[in-house]
Amino acid sequence: MKEKEKEKREVGLPELPLAKGEKVVMRFAPNPNGAATLGSTRGIIVNSEYAKMHDGKFILRFDDTDPVLKRPLLEAYDWYLEDCDWLDAKPDEVVVASERMDLYYKYAEELIKKGAAYVCFCPADVFKTYKEQKLPCPHRNVNVEANMECWEKMLKGVYEEKEADLRVKTDMASEDPALRDWVAFRILKREHPRVGEKYVVWPTLDFESAIDDHLLGITHIIRGKDLKKSEKRQRFLYNHLGWKYPGTIVWGKIKMQEFGKFSTSELRKRIESGEYEGWNDPRLPTLKALRRRGFQPEAIRKFFISIGITQTDIAVSMKNLYAENRKTVDALASRYFFVRNPKEMRKKDEKSFVAKALKHPSREDYREIRTGNTVYISGDDFAKLKQGQRIRLKFLYDVEIEQIEPLVANVVETPAEDVPIIQWAPSEGIKVVVKKPDGTDEGIGEPLIASELGNVVQFERYGFVRIDSVVEKEEGKEKEVVAYFTH
RNA sequence: GCUCCGGUAGUGUAGCUCGGCCAAUCAUUUCGGCCUUUCGAGCCGAUGACUCGGGUUCAAAUCCCGACCGGAGCACCA
């Protein structure tokens with residue numbers, strides 16, 4: 001019993017601190033300004049996992065209230081939906097902030113009427129000096145009527161960008177400068193990809209997410225450490241409105257060792273500039289790229305759950321994800337031969353052969369590979385060959401190297417012990433291009449690879465790949481396969 | 001500068017709330033062995049950590065203080 005508990009804890013997330021009998025409502029709230037990265041993936045998985053654990057609700061909310069700096073990408077909304085589904089994290093509810101503007105305005109008005117918010121005309125640097133001196137700016141004590149008037153003018157577009165904004169009253173004398181009278185709304189006169197030019201006054205993330213978390217009945221918020229101060233800021237708002245703040249969990253930043261630092265905005269720039277093929281370029285740390293490379297959703301889930309939710313910033317190696325993915329993919333993937341940088345080997349018998357090769361070491365079914373009196377071996381294996389050496393062409397027969405350049409070998413009738421075993425490709429093999437995170441490999445593979453379109457297979461002694469496309473070369477039935485390297 | 005937060009093996013994580021059962025868990029990496037007509041598969045084994053210094057205590061990874069290191073906020077970004 002005790003052991004069982006222990007085991008459970010190791011694979012799972014720590015229990016959520018629950019109020020008694022409370023129904024858990026979790027949310028993942030991305031800005032759809034690009035495709036989901038590995039960082040967003042963590043948010044999707046952990047939040048949905050908690051909802052599952054407690055039989056609660058999982059909400060996907062798009063925090064898309066900045067049409068300028070973090071401008072939403074129209075396609076990205078659907079991408080997130082697809083990604084969530086694929087990760088077995090289908091949201092129970094989907095909310096789009098930019099479609100809820102009237103709601104935010106309503107609460108802004110309520111706050112103004114309560115004297116808890118005011119229209120501020122200070123330029124940023126001027127306000128900053130007030131803030132540093134812990135002093136209220138001249139607009140802080142303007143009466144309610146005048147504030148309402150200014151607010152309405154803001155909404156009508158009377159003021160220009162940066163001319164005015166709406167601040168929430170907190171405590172100008174707060175010890176923590178980060179907490180003093182923060183901005184709730186600012187003017188942005190730019191059309192929004194989703195709602196057009198309908199609005200010129202946009203809520204900041206702190207305001208929008210505070211209002212929505214309450215309205216959606218979110219019970220627990222999991223947020224990055226960079227947003228940690230949000231809780232303290234938002235609490236002022238909750239107090240003004242008489243609301244109860246949700247439970248919060250803060251986690252540190254995650255970085256994949258293999259990818260270094262990346263932000264969605266940065267990725268977007270580089271993709272739009274043509275540096276990358278797209279959001280699913282195998283060199284990118286996006287979910288789309290992992291999917292294309294053949295990673296299994298369960299593996300990705302397990303990986304992120306094992307990482308947990310500590311406040312420390314972490315740099316995790318993809319090797320951990322590979323290990324997890326290998327567990328699922330190894331059993332599924334059929335084996336094929338692929339040789340990189342092929343070298344032709346001529347065999348001195350003139351016979352052609354049909355090799356019977358196991359498709360999977362723990363299964364019975366096999367594949368056939370026809371070949372004539374030449375085969376291809378990989379350049380890497382070729383480099384290690386010595387004259388007179390014996391090697392085994394797997395599933396075919398042993399050969400003895402007669403000469404290296406050009407490569408000629410004799411077939412050996414009686415197999416020896418302990419010879420190196422290598423994979424090979426037949427004379428009628430097809431061209432295979434493997435796109436990897438760190439470059440591209442080209443080589444020749446057995447023709448049957450073309451029949452595995454969309455599947456994850458193992459190229460023996462090379463790695464797992466997903467067959468991404470099969471191109472039929474014009475009339476000649478020569479084919480070319482493009483595979484994406486998994487690991 | 002002001003204000004917060006964190007620091008367990010190469011990496012990630014459990015343990016810290018309620019000090020002893022922790023000469024510290026699990027995974028991964030690395031190395032070694034075994035097995036196998038593949039492997040980046042499987043099996044077995046090894047290496048490897050409580051940042052430092054004080055304090056409290058019979059007893060500290062766990063509580064307190066300080067130092068050091070790291071991160072974050074102080075945006076009309078999310």
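The sequence lines fix the lettering, A, B, ..., with proteins before strands; numbering per chain opens at 1.
In this structure, A:Arg194 is not positioned above the aromatic face of A:Phe62 in the sense of NZ or CZ being under 6.0 Å from the six-membered ring centre and within 45° of the axis. Cation-pi contact between A:Arg340 and A:Tyr462: absent, since separation from the ring centre below 6.0 Å together with deviation from the ring axis within 45° is not met. A cation-pi geometry, defined here as NZ or CZ lying under 6.0 Å from the six-membered ring centre and within 45° of its normal, holds between A:Arg367 and A:Phe337.
Around atom NZ of A:Lys436, more than 12 heavy atoms belonging to other residues, nucleotides or ligands sit under 6.0 Å away.
Rounded to a whole angstrom, the distance from the C1' atom of B:C22 to that of B:U8 is 12 Å. One P atom belongs to B:G71, the other to B:C63, and the distance between them is 24 Å to the nearest Å. Rounded to a whole angstrom, the distance from the P atom of B:G66 to that of B:U3 is 14 Å. Nucleotides B:C65 and B:C4 are separated by 14 Å at their P atoms, to the nearest Å. Between B:C64 and B:G70, the two C1' atoms lie 23 Å apart (nearest whole Å). The P atoms of B:U28 and B:G42 are separated by 8 Å, rounded to the nearest whole Å. Comparing B:C18 with B:G73, their C1' atoms are spaced 33 Å from each other, to the whole Å. Atom C1' of B:A78 sits at a distance of 15 Å from the matching atom of B:A72, rounded to the whole Å.
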Problem set entry | Sugar-phosphate or base contact per nucleotide [nucleotides 30-37 of chain B; S, B, -; heavy atom under 4.0 Å] | -------B
Seminar exercise, completed: Protein heavy-atom contacts under 4.0 Å, written 5' to 3' over nucleotides 73-78 of chain B as B (base), S (sugar-phosphate only) or - (none), form the string BBSBBB
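A 3.5 Å limit on both hydrogen-bonding distances identifies no Watson-Crick or G-U partner for B:C39. Applying the Watson-Crick and G-U wobble criteria (two distances, each under 3.5 Å), B:A72 pairs with B:U3. Judged by Watson-Crick or G-U wobble contacts below 3.5 Å, the nucleotide B:U13 has no partner. In a base pair of the Watson-Crick type (N1 to N3 plus N6-O4 or O6-N4) or a G-U wobble (N1-O2 and O6-N3), with each distance short of 3.5 Å, B:G45 is matched with B:C31. Of all nucleotides present, none satisfies the Watson-Crick or G-U wobble test against B:G19 with each distance under 3.5 Å. Nucleotide B:A59 is matched to nothing when pairs are restricted to Watson-Crick or G-U wobble geometry with both distances under 3.5 angstrom.
Sequence order on RNA chain B of the closest nucleotides to A:Ala323 and A:Arg335 puts A:Ala323 first from the 5' end. Positionally, the nearest nucleotide of RNA chain B for A:Lys232 lies more toward the 5' end than for the other of A:Lys232 and A:Gln458.
To the nearest 0.5 angstrom, A:His220 atom NE2 is 10.0 Å from A:Thr248 atom OG1.
Across all strands shown, A:Arg180 has no heavy atoms under 4.0 Å from either base or sugar-phosphate atoms. Here A:Glu324 lies out of heavy-atom contact (under 4.0 Å) with every strand. In this structure, A:Phe337 reaches neither bases nor backbone, as no heavy-atom distance under 4.0 Å exists between it and the strands shown. Within the 4.0 angstrom heavy-atom criterion, no nucleotide atom of any strand lies near A:Gln423.
An OP1 or OP2 oxygen of B:U13 is reached within less than 4.0 angstrom by a side-chain nitrogen or oxygen of A:Thr310.
In this structure A:Arg461 satisfies the side-chain contact (heavy atoms from CB on, under 4.5 Å) test together with A:Asp381, A:Ile422, A:Gln423, sequence neighbours excluded. For A:Tyr366, there are no ring pair (Phe, Tyr, Trp, His ring centres under 6.0 Å) partners two or more places apart in sequence or in a different chain. Judged as a side-chain contact (heavy atoms from CB on, under 4.5 Å), and not counting sequence neighbours, the contacts of A:Thr312 are A:Thr310.
Checked against B:G40, B:G6, B:U38, the side chain of A:Glu460 finds its nearest nucleotide in B:U38.
Note on A:Asp212 versus A:Arg100: salt bridge recorded, some NZ/NE/NH1/NH2 to OD/OE distance being below 4.0 Å.
Applying the side chain to side chain donor-acceptor pair (under 3.5 Å) test to pairs two or more places apart or on separate chains, those with a residue in residues 154-164 of chain A are A:Glu160-A:Lys189.
Separating the CG atom of A:Asn320 from the P atom of B:G10 is a distance of 15 Å, rounded to the nearest angstrom.
Taking the six-membered ring for Trp and the full ring otherwise, the centers of A:His139 and A:Tyr118 sit at least 6.0 Å from each other.
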